[in-house]
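Chain identifiers are assigned alphabetically (A, B, ...) following the order of the sequence lines, protein sequences preceding nucleic acid strands; residue numbering begins at 1 within each chain.
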2 protein chains.
Amino acid sequence: MEQPRKGPRRGRTPAATGRTSRPRQAEVARLAGVSQATVSLVLSAKAKAQGSAISDETRQRVLDAARSLGYVPDPAAQRLAAARNNLLGVYSFTATFPTDVEHSYYPFLVGVEREAAARGYDLVLFTGSSSGGAKAAGPEALNRVRLADGCLFLGRHVPIAELKRMVADGFPVVHLGRREELEGLSWVGADYVSASSEVVRHLAALGHRRIVLVREDDDAPASTDRQQGFLEGLEAAGLPGGSEAVFRCADPGREVTPERLRSWIAEGVTAFVAEETDTGGAWRALRTAVDEAGLSCPDDLSLALLGSPPSDLAGDPQPTGFDVPRHQLGAAAVRMLAALVAGEAAEEPLVACAFRAGATTGGPPGPR
Amino acid sequence: MEQPRKGPRRGRTPAATGRTSRPRQAEVARLAGVSQATVSLVLSAKAKAQGSAISDETRQRVLDAARSLGYVPDPAAQRLAAARNNLLGVYSFTATFPTDVEHSYYPFLVGVEREAAARGYDLVLFTGSSSGGAKAAGPEALNRVRLADGCLFLGRHVPIAELKRMVADGFPVVHLGRREELEGLSWVGADYVSASSEVVRHLAALGHRRIVLVREDDDAPASTDRQQGFLEGLEAAGLPGGSEAVFRCADPGREVTPERLRSWIAEGVTAFVAEETDTGGAWRALRTAVDEAGLSCPDDLSLALLGSPPSDLAGDPQPTGFDVPRHQLGAAAVRMLAALVAGEAAEEPLVACAFRAGATTGGPPGPR
DNA sequence: CCAGCTTGCTAATGCGTATAAGTAATGCGC
DNA sequence: GCGCATTACTTATACGCATTAGCAAGCTGG
C-alpha cells in the first residue's frame, strides 16, 4: 500500500539534489526491521547509560545496520529536534589560519582540537568575515554558529552587540581572552597579572631595585593586565612603582633609544621588562637599543619579556619571562564551553602562565 | 480556535532548554498579519531577484515586523529544509593541527579556509586519531565525515578502500595530492612534473650537461612526479637521462657522502637537484656533503631544490627551485569540492608551481 | 461573459531527528 | 486470575523553515 504522495517536492534546487543521499535513520530502521524511533533510541543511548528499554539483540541489529550503511546523523536535524549535535563552533574574526602571525592562534587551536576530541566533540570552523569574498558580512552571518551546540570566539574586534544577543538567548559562548565589559559573557584567558608579577619578583630577588616596564601604546586587556601585574610585583617587593616605572612607546618621539637607555641606567635602573605583543615591538626596541648602546645583556642590565619571544628571534638567547600556555588555554576554553553546553557551572577562567628562567637576567651590575 | 496541543514536549533536557526562545517566522507573520510562508518568501527573496509575487506593501510590512522583533533565522532549520548544510569536511590522518610539522599542512589550510569562506562554506575538522564521539578509531570513524556536504582528505596514508566506498556512494570527496590509482577519486595536486622539468631546463640553459637527481627512498606520487619531471627536463634539453642520473638514498650504504660527491664531479657532473620532502632529507644531505667536501655552492657546482627549503634553513641562501603554491592548492581543492557538491563538472586538478630563481645555481665551473 | 491568464497570498507538506505517549506482551505478588 | 509494573517497542508529533500546490481576486480578449 504505497500511499502515493500528493505533493512531493523532490527536485529542489537542481544543484542540491545530486547525490545518493546519505542514509537516514529510516533506512537503517528498514534494514534492521524496526521503527525509526527505535533507531534513534539505540543510537542516542549508545553513549549514555544502557538503561534504555531496548533488547540487546535489537540494539545489535540496529547498530549493525547503521554501520553497514555508514549512517551518520544529520547535525541540523539533531539540532532542530532540540537535542545537541556534539559540534562546537570556532569563530574567529580574523582568518582562523592567519597568514602572517602564524603562531598566534595555531597553538591555541591545537589545544582546542585535543580537548574537543577527548570530550567527543567535533569542531566547526566558522569562517568569519575573515578574508574577502564573503557575502554581505552582515551581523546575521554570525548566527550561523547556532548550528553548533556552542561556540568559541577568537579575536579582538568582536561585535559585542551580537555576542550579547547570543548570550541573552542562552546560546553557549566562550570568548578567548578576558572580556569583562560584557556582563554574562564567559571567557578564558591567561593570568598575565600573576605571571607579570612573578617576573618582577624574580628580578627583585636577584637584587634589582629599579625596574622599568616598556610597553606599547595599546590598551588591549592583555597590555593592561601585564602592567597591573608589573606594578603589583613592584609593590610586593617593596619597590617604587608609579608612572615613571612604566614607559609607553608612541610613534612620534617616545621611542627606546640608546640615549634614553643610558639615561635610565644613569638614574639607577638596572632591569627592564618588555610586554609581549603580536609584533614584539617593545622587546625588539629594547634589544636593539641595548646593542646600539654597546651594553651586554645579563652583565650590564637585565631584560625580561612578559611573554614568549617572536619566532624569528628564536636564535637569540632565551629571554627571562613566562610562556603563555596556549594549548592549555585552548583546552580550558573547550572545557568551559562544554560545561556551558551541559548547563553546568563554569570553571576557573584564568590559566596560569609558566615562568621561564631564561638567560637575560642576572644580578644588578656592581656599583660603579 | 487555538487548538491545544495534545502532547507538547516543552521542557526537554534541563540544560538545553534555557533560551528565551527568539522569534520565529510564525511570530513575525502574526505581527505582520500574513502567513508564515509569506514571511519565508519575503525573507528568502531578499537576496535573490525581486521576482517573487509579493506586493511591495506586504513585503515592507513583513520586513518591518521582522526587524522590530529582531528575527534571525535558525540555521539548523534552514539547513534541514534546504537539504544541505554548507559544511565541508577536512579530514587529515594526522592531527589537523600537528604540533611538530606545523608548516606542512598549515599553508594549505589557509587557502582552504579563504576559499571556503568566499563560497559560504564552513569547515568541519575531523581527525583520524581523535574522531569525535566515536572512540573506536576503526574505519567507520571515517564515516563521520558524511555529516558534511563533502570532504577534503589530506595525508598520505589514506585507507583507499574506505574512500572508494564513499566515492561509490556518490559522496563528494577530494584528495589533496595526485591519486590516480583510485578510479573516480577527485584530487588536486601541484604540477611537480612541469615544475621539476623547468628547473632542469634552467640548469641546462646555464650550460650544465650532467645533472643528478638526489631523492629519498619513498615512492609517494610526489616523489615519482618529481623524478619524471626531472627526466623529462633532461630529455627536453637533449641531455642523457637513464638510471645513473637518479640517485636514490637508502639507509644502509647509499648516502650522499663527500666522497660520493667528489666522484660524481670527477665524472663530469656539475649540477645536483634534490627532491623536497617533509624532512628535507635529500637537500640537507646534499648541503652537508658540499660543505664537508669543502666545495662552494654556486661556484664549484650548482644545486637546486624541487620545492621549498625547510623552514629551519631559512637563513641559508635561497635555493633555486620552485615553490608549491599551497594556498592556491587549498583554494583549488575547495573549488573542486564545491563543484562536486553542486553536481558540476570538476575543473583542472593541477596547480602550477612558481619557479624560484634562487642563489644556488650558476654556470658550470670552467673546465679544469 | 467566460476561458484563461496573472497577481498575491495561504495551506499543506516535508526535511531528519528526538521524544512523549501509546500498545502489546510478559512477569509478579497475592 | 486480576491488577499493576516492566519490558520492548511503535506511533505520532514537533522542531523552524522552504517550497509548492492551490485558491481567490483582478485582468484580458474574443
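Scored by the side chain to side chain contact (heavy atoms under 4.5 Å, CB included) test, Val167(B) finds Val173(B), Leu185(B) as partners (sequence neighbours excluded). When the salt bridge (Lys or Arg N to Asp or Glu O under 4.0 Å) test is applied to Glu348(A), no partner is found at least two apart in sequence or on another chain. In this structure Glu57(B) satisfies the side chain to side chain contact (heavy atoms under 4.5 Å, CB included) test together with Ser55(B), Arg61(B), sequence neighbours excluded. Here Arg30(A) pairs with nothing under the salt bridge (Lys or Arg N to Asp or Glu O under 4.0 Å) rule; sequence neighbours left out. Listed by chain and residue number, Tyr121(B), Leu123(B), Val334(B) satisfy the side chain to side chain contact (heavy atoms under 4.5 Å, CB included) test with Ala116(B) (two or more places apart in sequence, or in another chain).
Side-chain contact annotation: Gln60(A) with Asp56(A), donor-acceptor N/O pair under 3.5 Å absent.
For Thr38(B), whose side chain is taken as the heavy atoms from C-beta onward, the closest listed nucleotide among dT10(D), dG16(D), dT10(C) is dT10(C). Checking dC9(C), dT19(C), dA18(C) against the side-chain heavy atoms of Leu41(A) singles out dT19(C) as nearest. Listed nucleotides: dT19(D), dC17(D), dT10(D). Nearest to the side chain of Ala37(A): dT10(D). Nearest nucleotide to the Ser35(A) side chain, out of dC9(C), dG16(C), dT10(D): dT10(D). Ranking dC17(D), dT17(C), dT10(C) by closeness to the Ser40(A) side chain, first place goes to dT17(C).
Remark on the helix from dC1(C)-dG30(D) to dC30(C)-dG1(D): inter-end axis angle 50°, axes from five-pair C1' superpositions, rounded to 10°.
The base of dA18(D) lies close enough to the side chain of Gln36(B) for a donor and an acceptor atom to sit less than 3.5 Å apart.
Listed pair Gln78(A) / dA18(C) meets the phosphate criterion, a side-chain N or O lying under 4.0 Å from OP1 or OP2. For the pair Ser44(B) and dA18(D), the criterion of a side-chain N or O lying under 4.0 Å from OP1 or OP2 is not met. Note on Ser55(B): a side-chain N or O is less than 4.0 Å away from OP1 or OP2 of dC9(C).
For the pair Leu147(B) CG and dG16(C) C1', the computed distance is 13 Å after rounding to whole Å. Protein atom CD of Glu57(B) is 8 Å distant from nucleotide atom P of dC9(C), rounded to whole Å. Atom P of nucleotide dA18(C) and atom CG of Asn86(A) are separated by 11 Å, given to the nearest angstrom. Taking atom CG of residue Asn85(A) and atom P of nucleotide dC15(D), one finds them 19 Å apart after rounding to whole Å. Look at CD on Glu27(A): it is 11 Å from P on dC15(C), rounded to the nearest Å. For the pair Ile54(A) CD1 and dA8(D) C1', the computed distance is 6 Å after rounding to whole Å. The CG-C1' distance, from Leu80(B) to dT13(C), rounds to 13 Å in whole Å. Gln25(B) places its CD atom 12 Å from the C1' atom of dT19(D), with the value rounded to the nearest Å.
Here Asp149(A) pairs with Arg79(A) in a salt bridge; the nearest charged N to carboxylate O distance falls below 4.0 Å.
Along DNA chain C, the nucleotide closest to Ala77(B) and the one closest to Thr58(B) are compared, and the more 5′ of them pairs with Thr58(B).
Val34(B) comes within 4.0 angstrom of the backbone, heavy atoms only, and of no base.
Across Gly89(A) and Ala148(A), no two heavy atoms sit closer than the pair N-CB, 3.6 Å.
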